[in-house]
2 protein chains.
Amino acid sequence: MTVPSGRRERKKAATRQKIADTAMRLFLEHGYDAVGIREVAAEADVAVTTLFSHFASKEALVFEQDEDFEQRLTQAVTGRAPNQPLIPALRREIQALVRHCTAEDAAPVWRMIDESPALRKYEESMRLRHAETLAAAIAADSELSQTATASRTIARFVIDAYSLAREAADPDAAVDEIFRMIEAAWEAT
Amino acid sequence: MTVPSGRRERKKAATRQKIADTAMRLFLEHGYDAVGIREVAAEADVAVTTLFSHFASKEALVFEQDEDFEQRLTQAVTGRAPNQPLIPALRREIQALVRHCTAEDAAPVWRMIDESPALRKYEESMRLRHAETLAAAIAADSELSQTATASRTIARFVIDAYSLAREAADPDAAVDEIFRMIEAAWEAT
DNA sequence: GACCGTAGCACTAACGGTTAGCTTTTTGAA
DNA sequence: TTCAAAAAGCTAACCGTTAGTGCTACGGTC
């Protein structure tokens with residue numbers, strides 16, 4: 001028992017990474033819909049069942065590291081200095097995340113996502129999960145005193161900001177504009 | 001050509017309705033996931049392909065009349081009296097919609113939806129569609145002068161209000177609380 | 001009333017994502 | 001070396017969905 005040390009974990013992580021990399025390469029090369037799970041598994045030289053033991057679904061192959069997203073947002077709430085206001089902290093984080101995914105080299109991936117209904121759906125429910133996590137972090141902040149509904153509402157609005165800004169013509173300006181609205185909403189609680 | 005009047009339309013509508021009713025009955029009886037498409041088709045005495053010619057997907061069987069939703073929201077925007085403010089009009093409509101789907105007799109259906117990941121996903125992307133439609137209606141209103149981003153943002157917030165209030169312990173109070181925030185956000189534009 | 005185009009429906013067979021059941025290999029520890 | 005468990009593998013299926021094809025009944029036209 002104890003903690004499975006070393007090699008086992010590394011090998012598992014390596015297998016996972018190889019699957020993810022292979023999948024991304026094939027998807028970008030031939031299109032998401034044109035590449036089947038069996039094809040990805042064969043190219044990565046693993047069994048289909050192995051692939052699904054590492055990733056819950058085909059879509060999850062594309063959003064490999066979405067836990068970053070969640071962690072960075074909650075970190076922005078729980079990790080800010082005492083007496084620092086909530087909304088600006090979230091604004092900075094969202095700004096950074098939007099910039100990250102509107103960067104040049106991320107463009108092909110997001111184009112692929114936008115073109116596939118399945119991937120869009122998946123991202124939508126991912127966002128809702130993130131909003132719930134963020135809402136929990138906001139609700140748990142002892143410096144703030146707001147109802148459960150207000151926490152969940154602000155969390156949704158913040159996630160909306162990310163989603164809307166990402167698609168806007170001028171993402172930076174959109175973040176500014178939307179966060180002015182969120183700030184007002186927050187002060188109305 | 002012209003408009004195919006009469007019997008043909010009635011028969012088609014009857015078939016559609018029979019499929020929808022049968023599906024709902026089976027879903028509520030045995031659970032959404034436990035009932036297969038082939039089963040629904042057999043019970044409704046139609047071919048599987050016929051079922052899919054009336055409904056785009058299994059989930060669509062549950063959200064049979066979601067176009068109402070979209071129409072009522074855009075109507076609340078475009079059909080309000082001149083010089084009437086936007087947000088209160090939307091608030092009234094959302095209030096009504098929330099009440100409608102938190103009514104006693106709708107409870108089993110919504111419990112079923114909440115329990116099925118597939119149905120939740122479907123509803124989420126439905127909401128996004130509705131938000132886009134609503135955003136277009138707001139942007140088209142000549143009395144209002146707001147950026148495209150502001151329109152889309154307010155539309156999202158309004159749809160969020162519906163979604164959050166529906167799940168809240170006290171839906172009426174939640175609508176009030178969230179719309180106070182939306183009102184503030186709107187005035188900040 | 002006979003005729004024709006088409007809408008609606010049926011049937012089969014398949015495709016692609018996903019899972020269950022079971023066996024084999026690899027790994028860490030005794 | 002030996003053993004238990006984790007990881008990976010294989011087969012075979014399930015389920016939602018679609019393509020291909022043909023039949024039937026309806027609505028409009030002559």
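Everything numeric in this text was worked out from a predicted model, so none of it was measured.
We find that CD1 of Ile37(B) is positioned 9 Å from C1' of dC15(D), with the value rounded to whole Å. As rounded to whole Å, 11 Å separates atom C1' of dC15(D) from atom OH of Tyr32(B). To the nearest angstrom, P of dG16(D) lies 10 Å from CG of Leu61(B). As rounded to whole Å, 16 Å separates atom P of dG9(D) from atom CZ of Arg38(A). Rounded to whole Å, atom C1' of dG16(D) lies 15 Å from atom CG of Asp33(A). Rounded to an integer number of Å, the gap from Arg16(B) CZ to dG8(C) P is 12 Å. Between the CG atom of Leu51(B) and the C1' atom of dA19(D) there is a distance of 17 Å, rounded to whole Å. Atom pair Phe52(A):CZ and dG9(D):P shows a separation of 14 Å (rounding to whole Å applied).
When heavy atoms are screened at a 4.0 angstrom cut-off, Val40(B) is found touching no nucleic acid atom at all. If you check every strand for non-hydrogen atoms under 4.0 Å, Asp45(B) touches sugar and phosphate atoms only. Residue contacts shown for Val48(A) include a base, since a base heavy atom lies under 4.0 Å away.
The side chain of His54(B) contributes no N or O atom lying less than 4.0 Å from OP1 or OP2 of dG8(C). Between Lys58(A) and the phosphate of dG16(C), there is no side-chain N or O to OP1/OP2 separation shorter than 4.0 Å. Phosphate contact (OP1/OP2 of dG8(C), side-chain N/O of Lys11(B), threshold under 4.0 Å): absent. A sub-4.0 Å separation between OP1 or OP2 of dG9(D) and a side-chain N or O of Thr49(A) is absent. Residue Ser57(A) places no side-chain N or O under 4.0 Å from the OP1 or OP2 atom of dG17(C).
When side chains are defined from C-beta on, Leu128(B) counts as touching Arg127(A), because their heavy atoms get closer than 4.5 Å.
Of all the heavy atoms in Pro108(A) and Asp105(A), the pair that sits closest is CD-O, 3.6 Å.
DNA chain D is contacted by both Arg10(B) and Ala47(A); Ala47(A) maps to the nucleotide lying nearer its 5′ end (nearest heavy atom per residue).
Between Tyr162(A) and Phe69(A), the ring center distance clears the sub-6.0 Å criterion.
In this pair, Phe157(A) and Phe157(B) present their aromatic rings parallel. The plane angle is below 30°, not in the 30 to 60° band.
Geometrically, Lys58(A) engages Tyr32(A) in a cation-pi contact defined by less than 6.0 Å to the ring centre and at most 45° from the axis.
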